[in-house]
Amino acid sequence: MIPAQFEYVAPTTLEDALQALADAGDDAKIIAGGQSLLPVLRMRLNAPDVVIDLGRIESLRGVRDDGDAIVVGAMTRHADVLTDPLVRENAFVITKAVEVLADPQVRHRGTFGGALAHADPAGDLGAPALALDAEFVVAGPRGTRTVAAEDFFVDLFTTALEENEILTEVRIPKRAGWGAHYEKFVRVAHQWPIVAVAAAVKVDGGTIREARVGLTNMGSTPLRARAVEQALVGQPATDEAVRAAAASAAEGTDPPSDLNGDADYRRHLATVLTRRAVLAAAGA
Amino acid sequence: MTVDGASYTDDVEPRMLLVHYLRERLGKTGTVVGCDTSNCGACTVHLDGRSVKSCNVLAVQVDGGEVTTIEGLSQGGELHPMQAAFHECHALQCGFCTPGMIMQAIDVLNDNPKPTEEQIREGLEGNLCRCTGYHNIVRAVQAASGQTAVPAAIEESA
Ligand SMILES: Cc1cc2nc3c(=O)[nH]c(=O)nc-3n(C[C@H](O)[C@H](O)[C@H](O)COP(=O)(O)OP(=O)(O)OC[C@H]3O[C@@H](n4cnc5c(N)ncnc54)[C@H](O)[C@@H]3O)c2cc1C
Ligand code: FES
Ligand code: FES
């Protein structure tokens with residue numbers, strides 16, 4: 001199928017894009033990489049009057065060093081995030097998640113900001129962003145505001161973004177020297193996870209000093225496994241200790257039941273994948 | 001846009017997909033559509049040097065861009081080495097997945113000229129084949145990367 005008719009605008013500056021969004025009212029859609037939007041339009045699940053392409057706005061692309069944080073432009077393609085040395089050094093769990101996100105062709109088109117703005121509960125970038133305390137920089141008609149990851153993800157496919165706002169970049173506090181892993185459980189190649197776990201840990205002399213654990217597809221938004229994080233601190237990076245801490249991974253979650261598995265199965269997966277992710281992150 | 005080395009200027013409806021532009025406007029029917037969900041990879045082409053699924057890109061997004069399709073690979077009547085390797089290693093049965101498979105296989109080698117078998121399989125993750133079981137496809141990519149003995153016939157035709 002092909003999409004319904006729409007008008008297409010391709011601004012070259014953020015200001016022009018915001019203006020186009022304001023002019024179009026509520027029947028406009030932004031297109032970034034199009035890897036989630038085009039399937040939706042082709043299935044006619046949505047039929048906007050105007051489609052605004054961010055693909056020609058150079059300032060939204062690329063990763064830069066900003067002191068104690070790295071800043072990833074919303075239009076940075078997955079493939080470029082994957083090979084970026086700043087991301088690898090300071091936010092390795094993101095590198096690990098992008099490595100297993102979709103397939104090479106989709107990674108060549110899809111963008112960091114597009115995936116986060118899409119807010120698919122099974123999307124692979126939400127849990128790592130949440131686990132790393134990322135901040136979302138959002139531009140709108142009244143200027144720029146910053147939204148904490150905790151507040152950005154509101155519900156299934158719903159973020160704190162207003163209709164007239166554009167996500168411009170994501171700031172991620174640096175965590176150099178942390179170990180990280182993204183453990184994704186899928187049944188078929190290049191697909192969204194049934195459950196996945198993002199883990200980043202700071203290990204010093206065999207002891208876990210700090211830990212961040214994010215869960216994918218264990219509720220309507222990405223979630224932090226705070227009970228696990230707390231239980232890990234001060235523990236040795238051993239199978240026994242990590243297994244005990246991971247047992248509480250499903251605490252406070254509300255996983256879906258679907259054809260891939262029911263909620264109980266997902267709760268079980270969360271504990272198993274958390275153990276694997278933390279052990280891999282700790283290099284144990 | 002530039003397609004297979006030739007420049008084209010057209011007015012198209014914004015909703016036209018790149019794959020339909022290639023097939024219906026330019027007559028480049030070598031690029032095929034195999035699914036409705038952007039899963040199969042049969043429509044893979046190179047856009048500005050990187051593989052993309054042309055069913056999941058709007059033609060207007062490619063304004064000013066450079067596209068290479070399966071039809072642009074052979075030079076002077078000679079098969080591209082990857083095409084020759086697919087031919088030689090019997091890497092196709094019905095052939096429907098082949099145009100996309102070859103375009104993606106070339107992308108894999110552009111990224112990494114000497115991939116391991118596992119890296120080849122990961123690189124072809126977004127391309128489905130209903131016939132071959134993938135084994136000979138992987139062999140073809142290994143042959144094209146010069147990592148397995150290339151049968152004489154490949155050397156001659158390449
Ligand atoms: C075959 C296939 C397999 C996939 N597998 C996975 C997978 O395993 N894991 C995974 O996480 N994802 C997967 N994806 C989705 C992929 O990650 C997409 O790239 C991503 O979800 C959307 O990014 P995009 O840049 O393509 O955004 P688009 O599709 O262009 O946009 C998505 C949505 O976000 C909005 N939007 C985009 N950018 C902005 C912005 N800057 N500001 C405000 N709103 C914005 C758009 O209006 C739209 O509603 C897959 C996609 C395909 C086709
Ligand atoms: S036709 Fe494009 S991925 Fe199947
Ligand atoms: S040869 Fe038939 S689908 Fe691959």
Side-chain angles (χ1 to χ4, degrees), chain A residues 1-10 12 28-57 75 77-80 82-83 98-111 114 184 186 188-192, chain B residues 11-21 23-24 33 35-65 100-101 103-112 115 119-129 134:
Chain A
M1 261 168 61
I2 61 167
Q5 284 181 329
F6 54 78
E7 193 191 315
Y8 171 81
V9 225
T12 52
K29 245 340 195 173
I30 284 168
I31 188 165
Q35 298 305 291
S36 292
L37 183 66
L38 288 175
V40 166
L41 300 190
R42 278 155 48 207
M43 295 294 177
R44 307 267 174 123
L45 299 173
N46 196 331
D49 289 339
V50 183
V51 170
I52 301 167
D53 188 355
L54 302 184
R56 294 178 194 275
I57 307 178
M75 287 300 295
R77 311 259 184 215
H78 299 314
D80 296 321
L82 181 59
T83 54
V98 176
E99 207 170 71
V100 293
L101 183 155
D103 55 51
Q105 293 99 315
V106 171
R107 290 198 293 268
H108 286 150
R109 287 300 289 173
T111 66
K184 171 167 169 171
V186 277
V188 289
H190 76 82
Q191 280 302 347
W192 289 264
Chain B
D11 276 327
V12 300
E13 269 192 304
R15 62 172 169 168
M16 181 176 247
L17 303 173
L18 176 60
V19 69
H20 292 140
Y21 179 72
R23 291 176 57 85
E24 291 162 20
V33 176
C35 74
D36 229 358
T37 51
S38 296
N39 270 301
C40 77
C43 64
T44 301
V45 300
H46 293 182
L47 169 56
D48 298 327
R50 289 166 143 191
S51 61
V52 301
K53 293 178 173 177
S54 62
C55 71
N56 217 17
V57 178
L58 297 170
V60 288
Q61 289 178 289
V62 184
D63 190 11
M101 207 55 97
M103 295 312 286
Q104 183 54 25
I106 293 172
D107 186 83
V108 170
L109 294 195
N110 284 346
D111 257 11
N112 178 356
Q119 287 168 332
I120 294 172
R121 289 186 188 271
E122 276 170 9
L124 298 176
E125 227 182 7
N127 293 69
L128 304 181
C129 175
Y134 302 97

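On a predicted model such as this, the values are computed, not experimentally measured, just so you know. Letters A, B, ... are given to chains in the order of the sequence lines, protein chains preceding strands, and every chain is numbered from 1.
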With only heavy atoms counted, which part of [X] is less than 4.5 Å from chain A, the side chain, the backbone, both or neither?
| X | result |
| --- | --- |
| B/Val108 | neither |
| B/Asp107 | side chain |
| B/Thr44 | side chain |
| B/Glu13 | side chain |
| B/Glu122 | backbone |
| B/Leu47 | side chain |

So, A/Gln105 and B/Ser51: side-chain donor and acceptor under 3.5 Å apart, yes or no?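 Checked: A/Gln105/B/Ser51 side chains show no N/O donor-acceptor pair below 3.5 Å.
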Checking side-chain polar atoms at under 3.5 Å, does A/Gln191 have a donor or acceptor matched by the opposite partner on B/Asn39?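 A/Gln191 vs B/Asn39: donor-acceptor pair found between side chains.
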Looking only at heavy atoms and a cut-off of under 4.5 Å, which of A/Thr83, A/Val51, A/Asp80 has the most pairs with chain B?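 Going by pairs under 4.5 Å, I would pick A/Asp80.
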Among A/Leu41, A/Leu37, A/Ile31, residue most engaged with chain B (heavy-atom pairs, under 4.5 Å):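 The answer is A/Ile31.
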Please determine whether side chain to side chain contact (heavy atoms under 4.5 Å, CB included) holds for the pair B/Leu58 and A/Phe6, giving the CA-CA distance in whole Å, both sets of side-chain angles, and the decisive distance to 0.1 Å. CA-CA 12 Å; B/Leu58 297 170; A/Phe6 54 78; 3.9 Å; yes
Can you give me the closest heavy-atom contact between B/Gln61 and A/Asp53, atom names plus distance?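 The pair with the smallest heavy-atom distance is CG-OD2, 3.6 Å.
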List the atom of A/Gly34, the atom of B/Asn56, and the distance in Å for their closest heavy-atom pair.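 Closest pair (atom of A/Gly34, atom of B/Asn56, distance): O-OD1, 3.9 Å.
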As an exercise, state the distance from CG of A/Leu38 to OG of B/Ser38, rounded to the nearest 0.5 Å.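 One finds 8.0 Å between CG of A/Leu38 and OG of B/Ser38.
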Quick one: does any side-chain atom of A/Gln5 pair with a main-chain N or O of B/Arg15 as donor and acceptor, under 3.5 Å?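 Such a contact is absent between A/Gln5 side chain and B/Arg15 backbone.
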Check: A/Arg42 side chain, B/Asp36 main-chain N or O, donor-acceptor pair, under 3.5 Å: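 At least one qualifying donor-acceptor pair exists.
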Applying side chain to side chain contact (heavy atoms under 4.5 Å, CB included), run through A/Val106 and B/Val52 and close with a yes or a no. CA-CA 7 Å; A/Val106 171; B/Val52 301; over 6 Å; no
Side chain to side chain contact (heavy atoms under 4.5 Å, CB included) assessment of B/Val57 paired with A/Arg109: CA-CA 9 Å; B/Val57 178; A/Arg109 287 300 289 173; 3.8 Å; yes
